[in-house]
Number of protein chains: 2
Amino acid sequence: MKAILLVAHGSRRPESNAEVVALAEQLREDASVKAEIIHAAFLDMAQPTIPEGIDACVREGASSITLLPYFLNSGRHVIRDIPAIVAQTMQRHPCVSLRIGPHLGESGLMKELLVRMIEALPDA
Amino acid sequence: MKAILLVAHGSRRPESNAEVVALAEQLREDASVKAEIIHAAFLDMAQPTIPEGIDACVREGASSITLLPYFLNSGRHVIRDIPAIVAQTMQRHPCVSLRIGPHLGESGLMKELLVRMIEALPDA
């Protein structure tokens with residue numbers, strides 16, 4: 001079974017973390033997403049942590065897990081912190097394929113999303 | 001003339017800030033964006049700052065400026081810091097209409113973008 005783990009930074013504001021969990025739920029309800037297991041996890045300041053999120057996916061039967069970093073920029077969290085946590089957690093799950101997908105900001109669709117947001121603005 | 005100011009957090013990594021500036025450039029080159037002036041600005045750790053970005057738009061002839069917070073979550077930067085800076089900067093430009101648009105994460109298109117990113121993943 002395939003799993004997607006949406007990994008966000010995590011915030012002191014519970015509302016902010018709830019937005020990420022809600023987004024993971026929306027993905028879960030979307031029939032076009034070909035993944036049986038979808039969860040959110042947080043790098044810092046909120047739970048589940050990344051190892052907890054990975055463990056949950058494994059517990060539910062995931063054989064391959066793709067982490068999607070919900071980050072806009074290729075900062076140190078994306079290029080260093082998340083890979084380090086994943087490398088460490090992989091040792092616990094030798095039979096599960098674990099990989100990190102592109103981070104959100106890397107998507108070529110980001111410009112398109114902004115264009116559509118600007119189009120939807122009411123007249124200034 | 002209408003201006004869009006794409007406002008990101010700002011990072012210690014110049015590459016990360018350059019990604020935001022490049023995105024603003026892509027928007028500028030997109031004929032479907034109905035704004036004559038488009039710039040990027042940073043809340044912290046990089047330049048131009050938000051007041052500098054607003055000043056640049058005014059200098060180039062903007063009569064209305066829409067700030068688009070390039071933030072995923074409605075954290076304190078979006079709900080407190082950016083509005084406070086904008087309120088202060090507005091006093092310098094009484095004849096310019098200045099408003100804050102929705103932040104990126106608020107877009108209903110975000111789920112769609114993630115769905116398309118997941119679809120584009122190579123097989124695990």
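Chain letters run A, B, ... following the sequence lines, proteins first, then strands; residues in each count from 1.
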Suppose we count any N or O donor within 3.5 Å of an acceptor, strictly below that value; which pairs fall between chain A and chain B?
{"from": "A:Arg13", "atom 1": "NH1", "to": "B:Ser74", "atom 2": "O", "distance (Å)": "2.1"}
{"from": "A:Arg13", "atom 1": "NH1", "to": "B:Ser74", "atom 2": "OG", "distance (Å)": "3.3"}
{"from": "A:Ser16", "atom 1": "O", "to": "B:Asn73", "atom 2": "ND2", "distance (Å)": "3.3"}
{"from": "A:Glu19", "atom 1": "OE1", "to": "B:Asn73", "atom 2": "ND2", "distance (Å)": "3.0"}
{"from": "A:Glu19", "atom 1": "OE1", "to": "B:Ser74", "atom 2": "N", "distance (Å)": "3.4"}
{"from": "A:Glu19", "atom 1": "OE2", "to": "B:Ser74", "atom 2": "OG", "distance (Å)": "2.5"}
{"from": "A:Asp30", "atom 1": "OD2", "to": "B:Lys111", "atom 2": "NZ", "distance (Å)": "3.0"}
{"from": "A:Asn73", "atom 1": "ND2", "to": "B:Ser16", "atom 2": "O", "distance (Å)": "3.3"}
{"from": "A:Asn73", "atom 1": "ND2", "to": "B:Glu19", "atom 2": "OE1", "distance (Å)": "3.0"}
{"from": "A:Ser74", "atom 1": "N", "to": "B:Glu19", "atom 2": "OE1", "distance (Å)": "3.4"}
{"from": "A:Ser74", "atom 1": "O", "to": "B:Arg13", "atom 2": "NH1", "distance (Å)": "2.0"}
{"from": "A:Ser74", "atom 1": "OG", "to": "B:Arg13", "atom 2": "NH1", "distance (Å)": "3.3"}
{"from": "A:Ser74", "atom 1": "OG", "to": "B:Glu19", "atom 2": "OE2", "distance (Å)": "2.5"}
{"from": "A:Arg99", "atom 1": "NH1", "to": "B:Pro122", "atom 2": "O", "distance (Å)": "2.9"}
{"from": "A:Arg99", "atom 1": "NH2", "to": "B:Pro122", "atom 2": "O", "distance (Å)": "2.9"}
{"from": "A:Lys111", "atom 1": "NZ", "to": "B:Asp30", "atom 2": "OD2", "distance (Å)": "3.0"}
{"from": "A:Pro122", "atom 1": "O", "to": "B:Arg99", "atom 2": "NH1", "distance (Å)": "2.9"}
{"from": "A:Pro122", "atom 1": "O", "to": "B:Arg99", "atom 2": "NH2", "distance (Å)": "2.9"}

Determine whether B:Leu121 and A:Ile82 fall in the same hydrophobic cluster, where Ile, Leu, Val, Met, Phe, Trp and Tyr are linked whenever their side-chain heavy atoms lie under 4.5 Å apart. no
Are A:Val21 and A:Leu43 connected into the same hydrophobic cluster when the rule is that any two of I, L, V, M, F, W, Y join if their side-chain heavy atoms are below 4.5 Å apart? no
When heavy-atom pairs shorter than 4.5 Å are enumerated against chain A, which of B:Ala8, B:Gly108, B:Pro122, B:Ala35 gives the highest number? B:Pro122
Using non-hydrogen atoms and a 4.5 Å limit, figure out which bit of A:Leu98 sits close to chain B: side chain, backbone, both or neither. neither
Against chain B, work out which of A:Leu6, A:Leu109, A:Leu23, A:Val33 has the most heavy-atom pairs shorter than 4.5 Å and name it. A:Leu109
Note: with side-chain heavy atoms under 4.5 Å as the link, the other cluster members for A:Met1 come out as A:Ile37
Membership question, hydrophobic clusters at under 4.5 Å side-chain separation (ILVMFWY): are B:Met110 and B:Ile118 in the same one? yes
Is it the backbone or the side chain of A:Ile4 that comes under 4.5 Å from a heavy atom of chain B, or both, or neither? side chain
Please state whether the side chain, the backbone, both or neither of B:Ile38 comes within less than 4.5 Å of a heavy atom of chain A. neither
Name the option with the most non-hydrogen atom pairs under 4.5 Å to chain B; the candidates are A:Leu104, A:Leu68, A:Val115. A:Leu104
same_hphob_cluster(B:Phe42, B:Leu5) at 4.5 Å side-chain heavy-atom cutoff: no
Are B:Val7 and A:Phe71 connected into the same hydrophobic cluster when the rule is that any two of I, L, V, M, F, W, Y join if their side-chain heavy atoms are below 4.5 Å apart? no
Sort out for me which of B:Leu113, B:Val20, B:Val78 touches chain A most, counting heavy-atom pairs under 4.5 Å. B:Leu113
